Amino acid sequence: MDGGVPGGEVAHRDEVRRQVQAINGKLYFALPKGAKTRTVDMPPSVAQELKRHVKAFPPVEVELPWEKPGVDRPRKKFSLVLTTRFGNAVAVNTWNTYSWKPALAKAGIIPPRPKGAKPWQWEAAPKDGFHVLRHTYASMMLEAGESVVTVARWLGHSSPTVTLGYYAHFMPEAGSKGRTAIDGLLERKGDPPCR
């Protein structure tokens, strides 16, 4: 996420325009998943939290290579909403190791790091990394009845088929809306629905 803060109280939208990636520990800016920029709707509560965060911690301009790390790569500057305490881009592995997994362990979601283990030696599986929030978001949206087409667009999937492949099991009410619509149509015609 970069420094763009959602505007106005009517539409809460966030533009996903780039991400920070790493190769062999070297950070760089790249296009989002699937090389697609996109706009994601944001609930008002999240927009308010983001505004509060930006007020308390203003975005920081960070310069990194574009598309691949290396001294010969063109560099670009972007304002980032989340940075290290030194004003650098956050590496996902560092975030997972020193912030995310300790927070999960403190909350009792994953086991604490074994005594004597190195900071990166968590027993928790890679699925417990920060990326799990993407899956949590998708599954919550689908369980709430959001359109698969919309969720696919928000996630940057190449098609809704990809989204269904990952998340179809989070749609327990699939089919019930259609049945309810037909029942409603028949009830309006005066015929009681068959049960």
Side-chain angles (χ1 to χ4, degrees), residues 1-8 11-43 46-104 118-122 124-138 141 148-163 165-167:
M1 179 187 301
D2 61 35
V5 178
H12 301 281
R13 304 180 82 98
D14 192 29
E15 290 187 28
V16 181
R17 296 180 291 212
R18 67 195 67 84
Q19 63 178 323
V20 174
Q21 286 285 353
I23 294 178
N24 296 325
K26 304 287 186 198
L27 300 181
Y28 64 99
F29 287 121
L31 289 172
K33 184 178 182 87
K36 294 181 191 172
T37 61
R38 57 196 174 276
T39 302
V40 178
D41 291 340
M42 182 183 300
V46 175
Q48 283 303 110
E49 286 301 316
L50 182 57
K51 286 178 185 179
R52 277 194 274 274
H53 175 83
V54 167
K55 188 174 183 181
F57 305 97
V60 176
E61 191 171 73
V62 174
E63 182 177 324
L64 291 174
W66 180 252
E67 293 186 328
K68 288 185 182 170
V71 291
D72 60 335
R73 300 299 303 167
R75 297 177 70 81
K76 294 194 175 192
K77 290 182 181 182
F78 296 109
S79 292
L80 300 180
V81 173
L82 300 174
T83 61
T84 68
R85 63 184 169 180
F86 304 110
N88 299 317
V90 177
V92 70
N93 287 341
T94 302
W95 172 263
N96 277 331
T97 298
Y98 296 101
S99 298
W100 181 250
K101 289 188 178 182
L104 291 179
K118 304 280 189 240
W120 59 88
Q121 293 176 319
W122 286 91
K127 69 176 176 55
D128 296 316
F130 190 68
H131 186 77
V132 75
L133 290 183
R134 176 181 168 87
H135 299 303
T136 302
Y137 172 78
M141 293 299 102
V148 174
V149 172
T150 300
V151 173
R153 181 173 42 85
W154 288 344
L155 294 177
H157 286 164
S158 57
S159 80
T161 305
V162 174
T163 309
Y166 282 112
Y167 302 108

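None of these values were measured; they are calculated from a predicted model.
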Problem set entry | Lys76 side, atom NZ; Glu61 side, atom CD - distance, nearest 0.5 Å | 13.0 Å
Exercise. With sequence neighbours left out, what residues match Tyr98 under ring pair (Phe, Tyr, Trp, His ring centres under 6.0 Å)?
Worked result: none
Exercise. How far apart are the closest heavy atoms of Leu50 and Met42, and which atoms are they?
Worked result: CD2-CE, 4.1 Å
Exercise. Is the backbone N or O of Leu64 less than 3.5 Å from a side-chain atom of Arg73, with the two atoms forming a donor-acceptor pair by type?
Worked result: no
Exercise. Taking Trp100 for the side chain and Asp128 for the main chain, is one N or O donor matched with an acceptor at less than 3.5 Å?
Worked result: yes
Exercise. Considering all heavy atoms of both residues, which atom of Val149 and which atom of Pro160 are nearest to each other, and what is their separation?
Worked result: CG2-CG, 3.8 Å
Exercise. Does Thr163 reach the side chain of Trp154, with side-chain heavy atoms less than 4.5 Å apart?
Worked result: no
For this session: Would you mind reporting whether Leu80 and Val60 have side-chain heavy atoms less than 4.5 Å apart?
Result: no
For this session: Decide yes or no for Ser158 and Lys36: does some side-chain heavy atom of the first lie under 4.5 Å from some side-chain heavy atom of the second?
Result: yes
For this session: Would you give the length of the straight line joining atom CZ of Arg75 to atom OH of Tyr28, rounded to the nearest 0.5 angstrom?
Result: 14.0 Å
Problem set entry | Side chain Asn96, main chain Phe130, donor-acceptor under 3.5 Å | yes
Problem set entry | Crowding at CH2, Trp66 (>12 non-hydrogen neighbours, <6.0 Å) | yes
Problem set entry | Shortest non-hydrogen contact between Ala89 and Val62, atoms and distance | N-CG1, 4.0 Å
Exercise. Parallel under 30°, tilted from 30 to 60°, perpendicular over 60°: which one fits the rings of His135 and Tyr166?
Worked result: tilted
Exercise. Within a strict 4.5 Å, meaning less than it, do heavy atoms of the Val16 and Val40 side chains meet?
Worked result: yes
Exercise. Looking only at heavy atoms, what is the nearest atom pair of Arg38 and Gly156, with distance?
Worked result: NE-N, 3.3 Å
Exercise. How are the rings of His157 and Tyr167 set relative to one another: parallel (under 30°), tilted (30 to 60°) or perpendicular (over 60°)?
Worked result: parallel
Problem set entry | Pairwise distance CG(Asn88) to OG1(Thr83) - rounded to 0.5 angstrom | 7.5 Å
Exercise. Do other residues, nucleotides or ligands put more than 12 heavy atoms under 6.0 Å from Phe57 CZ?
Worked result: no
Exercise. Which atoms form the tightest heavy-atom contact between Glu49 and Arg52, and what is the distance?
Worked result: OE2-NH2, 2.6 Å
Exercise. What distance separates Thr150 OG1 from Asp41 CG, expressed to the nearest 0.5 Å?
Worked result: 8.0 Å
Exercise. Is the NZ or CZ atom of Arg18 both under 6.0 Å from the centre of the six-membered ring of Phe78 and within 45° of that ring's axis?
Worked result: yes
Exercise. When rounded to the nearest 0.5 angstrom, what is the spacing between OG1 in Thr136 and CE in Met141?
Worked result: 10.5 Å
Exercise. Got a sec: does the NZ of Lys68 have more than 12 other heavy atoms crowding it under 6.0 Å?
Worked result: no
Problem set entry | From CD (Gln19) to OG1 (Thr37), nearest 0.5 Å | 12.0 Å
